[in-house]
2 protein chains.
Amino acid sequence: MSTFVCSPDPAADFAQIRRFNRLVSQRIGALDQSYLKRGRPLGEARLIFEIGSDGADLRELRDRLGLDSGYLSRLLRSLERADLVTVGSAEDDARQRRAMLTETGLAERAVYDRLSDDLAGSLLAPLSPRDRQRLIAAMAEVERILVTGAIELRPVAPDSADARWCLEHYFADLAERFEEGFDPGKHHGRGVDTSMRGIPASETLFLVAYCDGNPVGCGALVVEDATIGEIKRVWVAPNARGRGLARRLLHRLEDLARERGLGLLRLDTNRALAEAQALYRSEGYAEIPRYNDNPYADHWFGKRLGDTV
Amino acid sequence: MSTFVCSPDPAADFAQIRRFNRLVSQRIGALDQSYLKRGRPLGEARLIFEIGSDGADLRELRDRLGLDSGYLSRLLRSLERADLVTVGSAEDDARQRRAMLTETGLAERAVYDRLSDDLAGSLLAPLSPRDRQRLIAAMAEVERILVTGAIELRPVAPDSADARWCLEHYFADLAERFEEGFDPGKHHGRGVDTSMRGIPASETLFLVAYCDGNPVGCGALVVEDATIGEIKRVWVAPNARGRGLARRLLHRLEDLARERGLGLLRLDTNRALAEAQALYRSEGYAEIPRYNDNPYADHWFGKRLGDTV
DNA sequence: GACATTCGCTGACTTTAGTCAGAGATATTG
DNA sequence: CAATATCTCTGACTAAAGTCAGCGAATGTC
């Protein structure tokens, strides 16, 4: 692998991206549109697609498609008239409404699915098997990296809904992976527990990684005193793994620690979490003696900050 | 490199393509649109972009953007009113008209160019240098393969405008590459000359490779008698090289020869054309003694058909 | 030179997309 | 229970996109 990582010519990169954008929106965008129309306004077609087989709340549809409330209402009326959709009230809140596809609507959606496959097929058809394989691989790569770029880290309150959501999944993951199982109530370090046992929130910085508004990972920095911080709860959702997100979270937490003037970061980890240990070692964390009584911890790591600033 | 070339699961490939389409049209298409609007209807913006710095015939614009004649006219009127475009008659045919950007229009287009770069930059900005490099490479790969897939081979009359266009460029290429230069008048084999010197067209099958309607390569099969054919004029435009197009042309010509029941294919080539020789050898052509008096030929190749059928 | 054809233009039209204000039903809060 | 907020729907609107028939000028054809 070559050692220089920056492209020698940013203008060439831009040109490549522009060519790509142009080609893809021409070839795929245009085809997509005409394929998906089926003699129906595009807005309605997208709606059928987006409602999906399980139905969807109007709120959700508006958010996802970026539609005006009135406009969406009108589109749904039109689809109702065509007997493709029914709109009913939600059970818990009669103000909210939920759109469902009818039998006919489901059939229509199935057609869209097939057309979408046809489109994919039409891209692959003229290619040699070798090129097909390469195309798929390159598309997967583009997708992976674009999605990676769209993930952003935001500080949130440790007791916010998104933080809670992440922690629940984190704990469920741990319960599966630890040989001894995991019970979040058994040990509470300082801060960042779902219960938050009285530690002031200002002492805990909680980051959530969002992709298109959905949380896909988290990480916390617990400020223990003026010089020492603890890294906790670094977790990445299964569908977001393989993108270096854990490392990104770790870096950001370290940056935050440096901003606060902390000189030492510590963390503990379980023997089952091999990748985590590898990550910490590769980031300059060295194994240190036990510094807490976490029953689930098998290894303790520490890293001095400041020297790398 | 793995030996199996077909993906084990076509449905997974389709799913990958659909995910890609979705992501790209969402992320790039949407951004593109909002970037390119600049408070102007999208149609007008695209038009400014498409007219380009050299101007464009209305015919061409309609084809490229898929616009109705009346609609295009109206869009241009609107741009003329804004002093961005002038529409004048073509020199040779006063019915045809040509749109040109004014000073202001050119400036406007430059802004679009810059915005397009900004968009590219916004995709790269959040990425690590390593991911940037990978993204560019993967985009280039997707582009290369998609374009390759869009190239189609069509039989045309050897004296058609497109065939002539290819041959002119082919001859110009040869003149540059042959040590001894090249004068198409000096030698005329049977068929396929620009002049066509009286050889019945039915004896010559001429293929042109088209990409988006533009010729990007050619190749001919001259049927010499009931059993022997000659491959001639295999050429690929510089901007379409590196996609295996020459091989594709050759394969198609061989298929045509087989359909006609020919048993032997021959061809000659100049010593300067090393890649061509490599191609022919890799396709099973073996060097044979001189069979014609072409003054530019240094090597003669032959391949028996039938055994590979 | 008459005739048909091509090319772009205009007028009249429809459809699609999108916006905004307010009405009406339902839920939440004090 | 009243006030307030939330959610969806309707009516009235605008802008953009697209379609179609026919006109008139320029060109090619017989």
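Numbers restart at 1 for each chain; the letters A, B, ... are given by sequence-line order, proteins then strands. Nothing here was measured: the structure is a model prediction, and the numbers come from that model. The figures here come from the full heavy-atom set of this structure, side chains too, leaving out hydrogens, waters and symmetry mates.
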Checklist line | A/Met139 versus A/Leu123, closest heavy-atom pair with distance | finding: CE-CD1, 4.4 Å
Next item on the list: Looking only at non-hydrogen atoms, find the nearest pair between A/Leu153 and A/Leu245 and report the distance.
Entry: CD2-CD1, 4.1 Å
[N] OP1/OP2 closer than 4.0 Å to side-chain N/O of [X]:
X       : N     : value
A/Arg97 : D/dC7 : no
A/Arg62 : D/dT8 : yes
B/Arg59 : C/dG8 : no

Notebook entry, point to check: Can a salt bridge be assigned to the pair A/Arg59 and A/Asp57 using a cut-off of 4.0 Å between side-chain N and carboxylate O?
Noted result: no
How long is the line joining [atom1] of [X] and [atom2] of [N], in whole Å?
X       : N      : atom1 : atom2 : result
A/Arg40 : C/dT15 : CZ    : C1'   : 15 Å
A/Leu58 : C/dT26 : CG    : C1'   : 15 Å
A/Arg77 : D/dG11 : CZ    : C1'   : 14 Å
B/Glu60 : C/dT6  : CD    : P     : 20 Å
B/Asp68 : C/dC7  : CG    : C1'   : 13 Å
B/Glu44 : D/dG18 : CD    : C1'   : 14 Å
A/Gln96 : C/dT28 : CD    : P     : 10 Å
A/Asp93 : D/dT6  : CG    : C1'   : 8 Å

Checklist line | No-H, no-angle donor-acceptor pair, B/Arg95 side chain to C/dT6 base, under 3.5 Å | finding: yes
Next item on the list: Could you tell me whether the side chain of A/Arg74 has a donor or acceptor atom within less than 3.5 Å of a complementary atom in the base of D/dG11?
Entry: yes
Return the nearest nucleotide to the side chain of [X]; candidates are [options].
X       : options               : result
A/Val87 : D/dC9, C/dT10, D/dT19 : D/dC9
A/Ala94 : C/dT16, C/dC9, C/dT26 : C/dT26
A/Ser69 : C/dA17, D/dG18, D/dT8 : D/dT8

Check: So which one's nearest nucleotide on DNA chain C is more toward 5', A/Asp92 or B/Leu76?
Finding: B/Leu76
Notebook entry, point to check: For B/Gly70, which contact category applies under a 4.0 Å heavy-atom criterion: base, sugar-phosphate, or nothing?
Noted result: base
Check: With a 4.0 Å cut-off on heavy atoms, is A/Leu72 in touch with a base, just the backbone sugar-phosphate, or nothing at all?
Finding: nothing
Next item on the list: For the residue pair A/Ser78 and A/Arg74, confirm or rule out a side-chain donor-acceptor distance under 3.5 Å.
Entry: no
Next item on the list: Test B/Asp117 against A/Arg18 for side-chain contact (heavy atoms from CB on, under 4.5 Å), laying out the working first.
Entry: CA-CA 8 Å; B/Asp117 278 352; A/Arg18 285 171 61 170; 3.2 Å; yes
